Amino acid sequence: MNFSEMEGSPDNGGNTPSRSVSAHGDARLMQLAWASAAASAAAGAGSAGTAGSMTGMGVSGVSGPTSSHGGKAGTAGGAISTPVSAEKLGYDVFAWSSHSASYHPRHILVNRPSEQGSRWSSGSNNQMQFLTLKLDKVAVVQTITFGKYHKVHVCNLKEFKVYGGLSLNNMTELLHSGLRNDSEAETFSLKYKVNNVVFPCQYIKIVPHLAWGPNFNFSIWYVELKGLAQAEHVDKIYWNYVNYRENEVIRLCMKHFRQRNYLDAFECLQRRTQLQLEDPLLTDLHGSLVMNGDFAAAEEVVQQAYARELFTEYVRECSYRPEWRRVKNDDGDTPCMRGGHQMCIDSDAGLIYLFGGWDGQKDLSDFWSYNVVSKQWMCISMDTRRMGGPSPRSCHKICFDSDTRSIFTMGRYVDPENRPNVNLDCDFWRYDIAANRWNRISASTQLDGGPDLIYDHQMVVDSDAQVLYVFGGRTIGPDPSQTIFAGLYSYDIRSNVWRLLRNDTSQPENSIQLKSRIGHSMLLNPKTRELYIFAGQRNKEYLSDLYIYEIDTDILHEVSRDYSKQGGPDAGFTQRATIDPELGEFYILSGLQKDKNSSQESVKNSFWSYGLQKGKWTRVYHNENVGAEYWSRMRDREPCPRFAHQLVFDHVRKCHYLFGGNPGDSTNLNLRLDDFWELHLIRPSPEDVLRKAKFRIRRQQFREICQADNTSQALHYLQNDVSAVVNHADEVESKEFRDLTQQLFKWKFIGNAIVVGNTGGDGGNVMSAPVVHPAAPVGGGSGGGSSGIGVGGLVAMDALRSSGSFTDGSNPFQSRTELYELLLEYFPTSMREPRGNLVDLIDLVPA
């Protein structure tokens with residue numbers, strides 16, 4: 001078997017590149033958006049709604065009764081009780097930068113792909129070109145479709161941005177993408193939510209950045225907008241958005257006043273509007289820590305937060321620390337070296353199953369299980385044919401059904417030279433774990449309405465619904481020069497019925513165009529009932545796209561056309577992916593990659609996580625080393641780069657398992673690997689967060705004790721109370737703790753004078769100042785915790801500040817405020833004050 005076609009190696013077909021068009025703004029997604037808008041509106045209503053006049057907005061198409069504040073009443077009006085679908089939105093061309101000859105902007109209103117002149121063409125190719133569209137009425141714009149000329153054209157937009165808003169001077173970026181240089185229309189989803197609040201638009205602005213032909217002007221042939229326009233729904237969404245913005249402005253003002261200690265203004269605004277700046281628990285934290293200097297009470301608040309599991313969101317945002325462990329089994333049999341094999345896992349039973357593969361010389365049919373508790377391999381069968389099971393194979397797929405405790409397998413690779421002498425039907429098998437028995441479900445899935453014989457496809461099982469999904473893979477036929485890909489299929493396990501969900505060659509116009517591929521990834525999220533499809537290779541193109549398929553609605557979304565430009569991994573092929581539905585993350589271990597800055601293929605070690613809620617990529621681990629000598633030294637510490645390997649995730653023990661693969665050794669193309677690894681992804685625990693929060697609070701208390709000249713008490717507090725909450729094994733934190741000793745020698749009180757620095761020679765700076773001793777709380781402070789030491793409340797701090805006592809520029813109110821805002825990072829976003837700052841809204845305009 002040759003290297004060029006084994007184990008999902010680069011495909012050498014020559015078909016047209018794939019197209020992926022998005023229809024992300026579907027009815028179901030809008031329902032979710034409206035629900036979140038309703039929740040936001042209800043929260044606003046509970047906080048007494050909007051304050052201030054919202055008249056003079058100058059927005060057409062919106063009417064309705066106003067509240068006593070002058071704006072729309074802040075009710076939960078964002079909810080929609082009946083199903084809503086997107087409709088085509090009417091618009092006119094409102095403004096444009098320029099146009100050349102007779103290529104007027106209004107040509108984009110009509111779709112005439114066969115007419116050369118039916119387009120807008122800019123008068124220049126600089127970055128100042130634009131088209132502004134004005135909707136016939138305010139609407140929630142969900143998608144934008146660009147029609148094209150019936151032939152490839154150099155003026156097509158290779159890169160562009162789309163903005164939207166209620167006014168021309170306040171527009172939000174809705175899309176940054178590009179068109180493919182071909183004749184097929186493309187549809188893109190547009191952003192229509194900010195902080196889970198749906199916003200409507202009156203204007204849409206299209207800004208070209210780059211044409212396909214260098215130095216050519218920009219052309220747009222046709223634009224179609226779709227979204228929600230029904231007045232009874234848009235009206236509610238509009239006022240919900242207006243109220244949201246008004247409330248956020250007020251909360252920013254409140255935050256600003258409290259930060260600056262303008263408490264009269266803060267309390268007056270809060271009484272007038274009845275708005276809450278934050279969750280009451282955080283208000284208690286601010287009062288205890290910042291206002292009163294009651295550090296013990298502040299610790300009690302963070303202890304309550306821990307008990308209420310409020311640190312979970314923060315923990316999930318923390319970076320992982322990868323920890324590889326090589327698993328060796330010197331006492332018993334283990335699987336031999338291989339690539340193109342398959343693994344699946346029964347996490348509840350703690351068993352990993354491995355079947356088949358290619359050892360560099362031949363296909364394998366051995367079948368193994370690995371017990372993650374006893375750490376022992378067991379050979380179930382050296383040849384599954386002897387059990388009445390499948391023949392030797394590689395590049396197949398297996399998956400585990402937790403409901404019936406069965407394993408399904410389908411597909412295999414066949415060398416071109418062997419195809420004339422081999423049965424090319426796609427057999428389909430099921431292994432009953434409890435009975436230790438193989439059952440052939442079908443001798444030919446193609447005859448049963450399923451795919452032809454395929455390889456390097458993907459297969460997952462929905463155990464709850466008892467449905468299996470198969471996507472992609474290249475069809476194996478008698479003619480190896482033919483490149484045919486399989487589509488997206490479902491298989492009902494109970495009824496034994498196949499169904500074609502997406503055909504690779506024929507899909508609905510102006511809808512998602514999911515092109516098949518090989519060596520990709522597909523994951524099932526049982527909580528959301530979604531499939532995630534990404535990466536792989538189609539013909540000679542390496543892909544870095546991401547799609548979501550909604551199982552219940554049969555709707556497909558394009559999340560990203562090229563996630564490598566959005567902070568994600570390079571375009572990949574034969575990478576391996578797993579998912580943790582409980583954390584809402586999936587993970588990728590790299591395989592063959594194509595560098596984004598070149599066309600070269602490489603095998604590198606990198607591991608990525610993707611957060612489904614925020615759509616954020618994070619590189620967990622990366623190693624650029626490629627030398628054989630380096631990896632020989634690392635063979636027991638870290639797995640070498642590879643492809644055609646297998647990776648499974650134990651969701652019970654939160655551990656990944658990696659076995660085998662192809663190292664891509666150009667000097668030995670038949671070399672395969674037999675090493676077995678555990679990968680643990682380490683994050684801080686909620687207990688770590690609690691300890692860290694207490695460390696920061698006690699560090700602040702220690703500094704204030706030092707500033708109060710309680711040197712002996714400060715030293716005792718440092719050695720006992722602060723040290724008790726320090727992770728001394730963490731070098732960074734340990735250094736922070738050691739550096740605190742410098743505070744002991746920074747403040748010296750002599751009578752009514754303060755000496756900063758050394759007291760001997762000319763090293764000290766002596767100033768006369770009245771001193772308020774902070775050990776006794778003044779003005780409502782509690783004295784700084786259970787030990788009764790600390791600066792105390794704001795009156796004490798004001799006295800010290802006004803007397804000039806803090807001569808090093810320290811400011812207890814300021815430092816406590818900074819600490820408070822640091823502690824806020826541990827709490828859920830929904831509980832906190834707004835992230836922005838009022839002063840950041842002021843632009844400095846040169847005179």
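The first residue of the sequence shown is numbered 1, and numbering continues consecutively from there. Remember, it's a predicted structure, so these values are computed and weren't measured experimentally.
In the model, Ser560 has a side-chain atom that pairs as donor or acceptor with a side-chain atom of Gln566 under 3.5 Å. When only modelled atom types and interatomic distance are considered, Ser167 and Asn170 share no side-chain donor-acceptor pair under 3.5 Å. Between the side chains of Glu115 and His107, not a single donor N or O lies within less than 3.5 Å of an accepting N or O. Side-chain atoms of Gln575 and Ser521 include a donor-acceptor pair closer than 3.5 Å. A side-chain donor from one of Glu550 and His557 sits under 3.5 Å from a side-chain acceptor of the other. A donor atom on one side chain and an acceptor atom on the other are found under 3.5 Å apart for Asn156 and Trp221. Donor-acceptor pairing under 3.5 Å is lacking for the side chains of Glu246 and Tyr244.
The side-chain heavy atoms of Tyr163 and Val207, taken from C-beta on, include a pair separated by under 4.5 Å. Looking at heavy atoms from C-beta onward, Ile548 lies out of side-chain contact with Leu531 at the 4.5 angstrom threshold. Between Thr505 and Phe485 the shortest side-chain heavy-atom distance does not fall below 4.5 Å. A heavy-atom distance below 4.5 Å is found between the side chains of Arg538 and Asp504. Counting heavy atoms from C-beta on, the side chains of Phe586 and Asn525 never come closer than 4.5 Å. At a threshold of 4.5 Å between non-hydrogen side-chain atoms, the residues Val470 and Leu488 do not count as touching. By the 4.5 Å heavy-atom criterion applied to side chains, Ser114 and His150 are counted as neighbours. Counting heavy atoms from C-beta outward, Leu89 and Asp136 have side chains that stay 4.5 Å or more apart.
Residues that satisfy the side-chain contact (heavy atoms from CB on, under 4.5 Å) test with Asn217, not counting sequence neighbours, are Ser121, Ser122, Asn125. Remark: Thr618 pairs with Ser609, Lys616 by the side-chain contact (heavy atoms from CB on, under 4.5 Å) rule, at least two apart or across chains. Partners of Cys426 according to the side-chain contact (heavy atoms from CB on, under 4.5 Å) rule, which considers only residues two or more places apart in sequence or in another chain, are Met410, Thr445, Leu453.
Note: Trp617 and Tyr610 have tilted aromatic rings, judged against thresholds of 30 and 60 degrees for the angle between ring planes.
Judged purely by atom type and a 3.5 angstrom limit, Thr574 has no side-chain atom pairing as donor or acceptor with the backbone of Phe643. Lys148 places a side-chain N or O within donor-acceptor distance of the main-chain N or O of Glu184, the cut-off being under 3.5 Å. Judged by distance alone, the side chain of Gln613 and the main-chain N or O of Gly584 form no donor-acceptor pair under 3.5 Å. Side-chain N or O atoms of Trp120 include one that pairs as donor or acceptor with a backbone N or O of Ser98 at under 3.5 Å. Asn181 contributes a side-chain N or O that, together with a main-chain N or O of His153, makes up a donor-acceptor pair within less than 3.5 Å. The main-chain N or O of Ile551 is never found under 3.5 Å from a side-chain atom of Glu530 such that the two would form a donor-acceptor pair. With hydrogens and angles ignored, the 3.5 Å screen pairs no side-chain donor or acceptor of Lys226 with any backbone N or O of Gln142. Distance alone, capped at 3.5 Å, is enough to place a donor-acceptor pair between the Tyr91 side chain and the Val223 backbone.
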For salt bridge (Lys or Arg N to Asp or Glu O under 4.0 Å), just list the numbers for Arg499 and Asp492, CA-CA rounded to whole Å, side-chain angles, deciding distance to a tenth of an Å, and then say yes or no. CA-CA 8 Å; Arg499 181 178 168 223; Asp492 190 297; over 6 Å; no

Step-by-step side chain to side chain contact (heavy atoms under 4.5 Å, CB included) determination, Leu133 to Asp92: CA-CA 6 Å; Leu133 316 179; Asp92 195 9; over 6 Å; no

Please evaluate residues Thr145 and Glu224 with respect to the criterion side-chain hydrogen bond (donor to acceptor under 3.5 Å, both in side chains), reporting the C-alpha separation (whole Å), side-chain torsions for both, the decisive distance (0.1 Å), and the verdict. CA-CA 5 Å; Thr145 298; Glu224 179 179 293; 4.6 Å; no

After noting the C-alpha distance and the side-chain angles of His176 and Glu159, does the key distance pass the side-chain hydrogen bond (donor to acceptor under 3.5 Å, both in side chains) rule? CA-CA 8 Å; His176 183 184; Glu159 183 182 0; 2.7 Å; yes

Could you go through His104 and Trp96, starting from their C-alpha distance and side-chain angles, then the distance that decides it, and tell me whether this counts as ring-ring contact (aromatic ring centres under 6.0 Å, His included)? CA-CA 10 Å; His104 195 275; Trp96 55 88; 5.1 Å; yes

Just do the side chain to side chain contact (heavy atoms under 4.5 Å, CB included) check on Phe146 and Ile220 with the steps written out, would you? CA-CA 8 Å; Phe146 290 90; Ile220 297 178; 4.2 Å; yes

Walk me through whether Lys137 and Asp235 qualify under salt bridge (Lys or Arg N to Asp or Glu O under 4.0 Å). CA-CA 11 Å; Lys137 53 185 178 181; Asp235 192 29; over 6 Å; no

Applying side chain to side chain contact (heavy atoms under 4.5 Å, CB included) to Val460 and Leu468, what does each step give before you reach the verdict? CA-CA 6 Å; Val460 297; Leu468 187 144; over 6 Å; no

Side chain to side chain contact (heavy atoms under 4.5 Å, CB included) between Tyr549 and Asp554: does it pass, once the steps are laid out? CA-CA 7 Å; Tyr549 175 74; Asp554 188 36; 2.5 Å; yes

Check step by step if side-chain hydrogen bond (donor to acceptor under 3.5 Å, both in side chains) holds for Glu601 and Tyr542. CA-CA 10 Å; Glu601 298 170 349; Tyr542 275 42; 3.1 Å; yes

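Around the CD atom of Gln127, the shell of radius 6.0 Å holds more than 12 heavy atoms that belong to other residues, nucleotides or ligands. Atom CG of Asp479 sits in a crowded spot, with more than 12 heavy atoms from other residues, nucleotides or ligands closer than 6.0 Å.
Nearest heavy atom pair, residue Phe218 against residue Asn126, reads CE1-O, 3.4 Å. Gly147 and Ala185 make their closest contact through CA-CB, 4.2 Å (heavy atoms, listed as atom of the first residue, atom of the second, distance). Ile454 approaches Ala486 most closely through the heavy-atom pair CG2-CB, 3.8 Å. For the residue pair Gly611 and Glu585, the shortest heavy atom distance occurs at CA-CG, 4.4 Å. Scanning both residues, Ala577 and Leu523, for their nearest heavy atoms gives O-CD2, 3.5 Å.
Annotation: cation-pi geometry not satisfied between Lys134 and Tyr203 (NZ/CZ under 6.0 angstrom from ring centroid, within 45° of ring axis). With Trp212 as the aromatic partner, Lys158 meets the cation-pi criteria of under 6.0 angstrom to the ring centre and within 45 degrees of the ring axis.
Checking each of Asp456, Asp452, Thr483 against Arg474 for a side chain to side chain donor-acceptor pair (under 3.5 Å) leaves exactly one that passes, namely Thr483. Checked against Asp545 for a salt bridge (charged side-chain N to carboxylate O under 4.0 Å, His left out), the options Arg517, Lys515, Arg561 give a single hit: Arg517. Of the candidates Thr172, Thr143, Val162, Leu190 forms a side-chain contact (heavy atoms from CB on, under 4.5 Å) with just one, namely Val162.
Under a 4.0 Å N-O distance rule, the pair Asp570/Lys604 does not qualify as a salt bridge. With salt bridges taken as basic N to acidic carboxylate O contacts below 4.0 Å, one links Lys161 and Glu173.
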